[in-house]
Amino acid sequence: MAQPAKGPVEGPCSTPSETGSTATPDCHPVDEKLHPTRLIPAALQHIAAMYAGVVTPPLIIGQAVGLDTAAQTRLIAAGLLIAGLTTVLQTLGVKNFAGNRLPFVNAASSAGIAPILAIAETNAHGEQLPAIYGAVMVAGVFCLVVGPFFGRLLRFFPPLVTGVVITLIGVTLMPVPVGWAQGGDKEAADYGDMKYLALAAFTLVVILLFQRFGRGFLKQVALLMGLFIGTVAAIPFGMADFSSLASAPVAALPTPFDFGVPTFQPAAILSLCIVMLVLMTESAAGMIAVGEICERKTDGKTITRGLRTDGIATLLGPVFGGFPTSAFAQNVGVVSLTRVRSRYVVAVAGGALIILGAFPVLGAVVSLVPMPVLGGAGIVLFGSIAVSGIRTLSEAGLDDSSNIILVAVSLGAGIIPLAAPTFYADFPAWAQTVLGSGISAGALVAVTLNLFFHHLGTRGRAPAPAALKSS
C-alpha cells in the first residue's frame, strides 16, 4: 500500500505575494500569511462578529452594579483590551505553554453574566465588583489546575449537559434585554414608555431586515447595523446621551484594581468555578470544531494549551476589569462560512481589539447606544444563545426517556429563579448565590442526574473523544 504524502507542516509561512497567499504543499492553511488586501477584510469580519459579544458583559454588569458613565467606559475598554491580548496569545501562542495556534477568538463570555449578577445582588453597593473579581480570579486558578486533566472530565459534560446549560444561559438572560427595551432604569418615571418600546422594536426590525435581505458582509454585521441605525434614530428624540464622549480620555491604559481590591467569598467562588467548567467545555468543543474545519488535528495537548490561555486571562483579567474568558462560537461560524482559516487573520482582529481598548474614547462610543436599542439587539443576541443550546440538545439523544427526564428537571431547576425570584429567600446566603443563578442550579442538577442515569452503577465508562486524548 502506498504511503500517504507528507502533509503540511505546522509553523509560519513565508511572506505573501501581492495577489495571493502563502499556501503551498508544505504550508498548512492555518499558517497562511495573507496579503493585506485579503487579510484586513477577513479580520474585519471577525471583529464585526465578536464586537457586540465582547462589550455585552461589561455593559450588563456595569449597569447592574450602578457604574457611572466614566466607569462604564473604562470597564468596556478593559474588556476590549483583555479580549485582544487573549486572542493574540491564543492564535500566535507560546510554544509548549499557551495558545492553541488556531483561528480562535477568546473574550469575556456571556455565560458568566447571570451568576455574576447573582453575586452582585448579595453584596452591598461598592462591594459588588471586588467580590465578583475575587471569585473570577479563583475560577482562573481552577481552570489552570483542571485544564490539563479536562479531557478525562469531559465525559461528565456530554451534549446533554452542555445543551441544558447553554439553553439556560439564553433563557435566564432574556429579562435583561426586556428591561433595556423599557428604558433600562426601573426607578425612572417613564420606565416602560411606548417611545422606548418603539425604539427597541425598530432596532429589532432593522436587524431582521439585514438578516433577511443582506448578503455577505452586510448579513454578518446585521447586529451592529441594528445598533448603529437604532442609535441614529434615537438622536432626534433626545434618547442618545453624548456626554460620555466629552469626559472620556482619548488614550489610556486600564489602571490595576481600578474597581477595588478583590475579596474572596466561598459561595461566589463555587458559583463561578461551576461556570468555569461550562466555559472550559465550550472552549474544548470550539477547539475541536475549529480543528475539524481547518483540517488540523486538535489533540489533548492543543486543548490543554488553549484552556491554559483561558485560565491565564481569567486569572489576570480582573486586575484590570476583566471577567471569565472563553471561546466565541460566532467566530467559529465565521471561519466555517468564509473558509479563511489563517490564524493570522484572527491575530490581526485581536490586535484591533487591543487598539480599541487602549483608546477609551472608542469605548465611550459604544456606551452611546441607548438602552432600548440594546434591548432590541439583546433579544436577538441572547435568544441565539438559547437556540445554540437547543441545537446541542437536538443531537443529544432525546429519544431516551432518561435523557428527557434529565433535561426536564434540569431546565425546571434553572428556570425557578427566573419564575420565582424569592424562591430561595429563606435559604443560607451561600445557597442563594449558587441556586439563585439559573445557570448554576441547572448545571448542578444536570451533572448530578447525568451521573445518576449514565455513570452510577454502570460497569463501563464512555471513553473520552479521540480528539481529547493526548498524543
Side-chain angles (χ1 to χ4, degrees), residues 7 10-11 28-31 83 85-109 111-112 139-163 165-166 273-317 324-333 335-336 341 343 346-347 350 388 392 395 443 447 461-471:
E10 181 175 351
H28 196 283
V30 168
D31 300 312
L85 290 170
T86 309
T87 298
V88 170
L89 176 60
Q90 191 73 277
T91 51
L92 301 184
V94 176
K95 189 173 182 180
N96 298 325
F97 178 69
N100 56 34
R101 297 190 177 189
L102 292 168
F104 203 70
V105 172
N106 283 78
S109 172
V141 174
F142 176 75
C143 179
L144 289 173
V145 172
V146 174
F149 311 100
F150 193 69
R152 301 175 188 175
L153 296 177
L154 202 61
R155 62 191 175 93
F156 299 118
F157 290 85
L160 201 63
V161 174
T162 56
V165 175
I166 296 170
C273 282
I274 292 172
V275 171
M276 201 67 219
L277 278 172
V278 175
L279 297 185
M280 291 168 70
T281 303
E282 291 182 353
S283 274
M287 283 182 255
I288 293 171
V290 169
E292 292 176 352
I293 294 168
C294 297
E295 298 178 359
R296 168 169 282 178
K297 183 182 179 182
T298 306
D299 56 18
K301 292 180 181 179
T302 302
I303 289 176
T304 296
R305 293 196 305 269
L307 293 180
R308 187 173 290 129
T309 305
D310 287 357
I312 291 170
T314 302
L315 170 61
L316 300 181
T325 299
S326 181
F328 260 38
Q330 53 264 56
N331 291 87
V332 176
V335 176
S336 177
R341 295 173 282 180
R343 58 191 171 101
V346 177
S388 296
T392 301
E395 302 169 357
V447 170
R461 292 290 186 268
L468 296 178
K469 296 177 181 178
S470 298
S471 58

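In summary, of the residues considered (R343, K301, Q90, R296), a side-chain contact (heavy atoms from CB on, under 4.5 Å) with N100 occurs for Q90 alone.
The two atoms that bring A284 and I303 nearest to each other are CB-CG2, 4.2 Å, heavy atoms only. Nearest heavy-atom pair across T304 and G147 is OG1-O, 4.1 Å. Considering every non-hydrogen atom in both C273 and A139, the closest pair reads SG-CA, 4.1 Å. For the residue pair T86 and A313, the shortest heavy atom distance occurs at OG1-CB, 3.3 Å. Nearest heavy-atom pair across L92 and A347 is CD2-CB, 4.0 Å.
Here L89 contributes atom CG and R101 contributes atom CZ; the two are 10.0 Å apart, rounded to the nearest 0.5 Å. In this structure, CE on M287 lies 8.5 Å from OG1 on T302, to the nearest 0.5 angstrom. In this structure, the separation between CG on L85 and OG1 on T309 is 12.0 Å, given to the nearest 0.5 Å. The distance from atom OG of S326 to atom CE of M280, rounded to the nearest 0.5 Å, is 10.0 Å. Note that the CD1 atom of I274 and the CZ atom of F142 stand 9.0 Å from one another [nearest 0.5 Å]. Taking CG of L102 as the reference point, atom CZ of R341 lies at 12.0 Å (rounded to 0.5 Å).
Contacts of I312 classified as side-chain contact (heavy atoms from CB on, under 4.5 Å), with partners at least two apart in sequence or in another chain: F97, A98, L144, R308, L316.
Panel note: side chain S283, backbone A327; a donor-acceptor pair is recorded below 3.5 Å. Checking side-chain atoms of T87 against main-chain N and O of N106 turns up a donor-acceptor pair under 3.5 Å. Within the 3.5 Å criterion, the main-chain N or O of D310 finds no donor-acceptor partner in the side chain of T325.
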